[in-house]
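A short write-up of the structure that comes next.
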Amino acid sequence: MTQAQRAIDAQDLALEAARRRTLAAFAEAWNARDLAGLMRCMAVDCAFHGAAGPDPEGVRHAGRAAVEAAYAAIFAAFPDAHWAPRETLLIGDRALTSWRFTGTRTDGTKVEVDGCDILVFDQDRIARKDSYRKAG
């Protein structure tokens, strides 16, 4: 292995470690209801594809302001929202996270569903969060 290859390998490992830190901070921010913390994990040019909506990919929120507003709306709809992490896979610039969501809607209806997110990174920040969940 050449010195240049070792340098590339070291850069790849450092980027992977940074992405893992971002994933951990992102999960913690959701459960802390920390909107600013969530947005620190997002890339400048970010998008969120919600699990439901009129389009095949759900509702698309593009840009920081739209993503932040969508995340705030989730917190408003479920004041006690909690995501229990199950598994996280990171391969290159893609991550798959699975979780169990529990929460109570503002009308008192309790919700418990399993879901997953497909995340796409831009360097060490999340450029796209694409959510999927069981009906519930």
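The structure displayed is predicted, hence computed values, not measured ones.
- In this structure, OG1 on T88 lies 6.0 Å from CG on L23, to the nearest 0.5 angstrom.
- When all heavy atoms of P54 and V59 are compared, the closest pair comes out as CD-CG2, 3.7 Å.
- Nearest heavy atom pair, residue A66 against residue A62, reads CB-O, 3.3 Å.
- The number of heavy-atom neighbours closer than 6.0 Å to CZ of R60, taken from other residues, nucleotides and ligands shown, is 12 or below.
- Screening R33, H61, M42 against Y71 for a side chain to side chain contact (heavy atoms under 4.5 Å, CB included) leaves a single residue, M42.
- To the nearest 0.5 Å, atoms CD (E28) and SG (C41) are separated by 9.0 Å.
- Contact of the D130 side chain with the F48 side chain is not registered, since no non-hydrogen atoms from C-beta on lie closer than 4.5 Å.
- Here H49 contributes atom NE2 and Y132 contributes atom OH; the two are 8.5 Å apart, rounded to the nearest 0.5 Å.
- Going from atom CZ of R133 over to atom OG of S98 covers 16.0 Å, rounded to the nearest 0.5 Å.
- The hydrophobic cluster containing F26 does not contain L15, counting ILVMFWY residues as joined when their side-chain heavy atoms lie under 4.5 angstrom apart, directly or transitively.
- Interatomic distance, T102 OG1 to E112 CD, rounded to the nearest 0.5 Å: 6.5 Å.
- With salt bridges taken as basic N to acidic carboxylate O contacts below 4.0 Å, one links R40 and D34.
- With sequence neighbours left out, F78 forms a ring-ring contact (aromatic ring centres under 6.0 Å, His included) with F101.
- No chain of hydrophobic side-chain contacts below 4.5 Å, direct or via other Ile, Leu, Val, Met, Phe, Trp or Tyr residues, connects I126 to L96.
- Note that CZ of R128 and CG of D93 are 9.5 Å apart. Values are rounded to the nearest 0.5 Å.
- Closest of all the heavy-atom pairs between R64 and A43 is NH1-O, 3.1 Å.
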Trace of the side chain to side chain contact (heavy atoms under 4.5 Å, CB included) decision for L35 with E68: CA-CA 7 Å; L35 196 53; E68 186 170 5; 3.8 Å; yes
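- The environment of CG in L89 is crowded: more than 12 heavy-atom neighbours from other residues, nucleotides or ligands sit within 6.0 Å.
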In a table with atom names and distances, give each donor-acceptor pair under 3.5 Å that connects a side chain of residues 113-124 to protein atoms at least two apart or in another chain.
from	atom 1	to	atom 2	distance (Å)
D114	OD1	R100	NE	2.7
D114	OD1	R100	NH2	3.2
D114	OD2	R100	NH2	3.2
D117	OD1	K129	NZ	3.0
D117	OD1	S131	OG	2.6
D117	OD2	W99	NE1	3.3
D117	OD2	K129	NZ	2.9

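- No more than 12 heavy-atom neighbours from other residues, nucleotides or ligands sit within 6.0 angstrom of CG on D45.
- In this structure, the side chains of V67 and M39 come closer than 4.5 Å at one or more pairs of heavy atoms.
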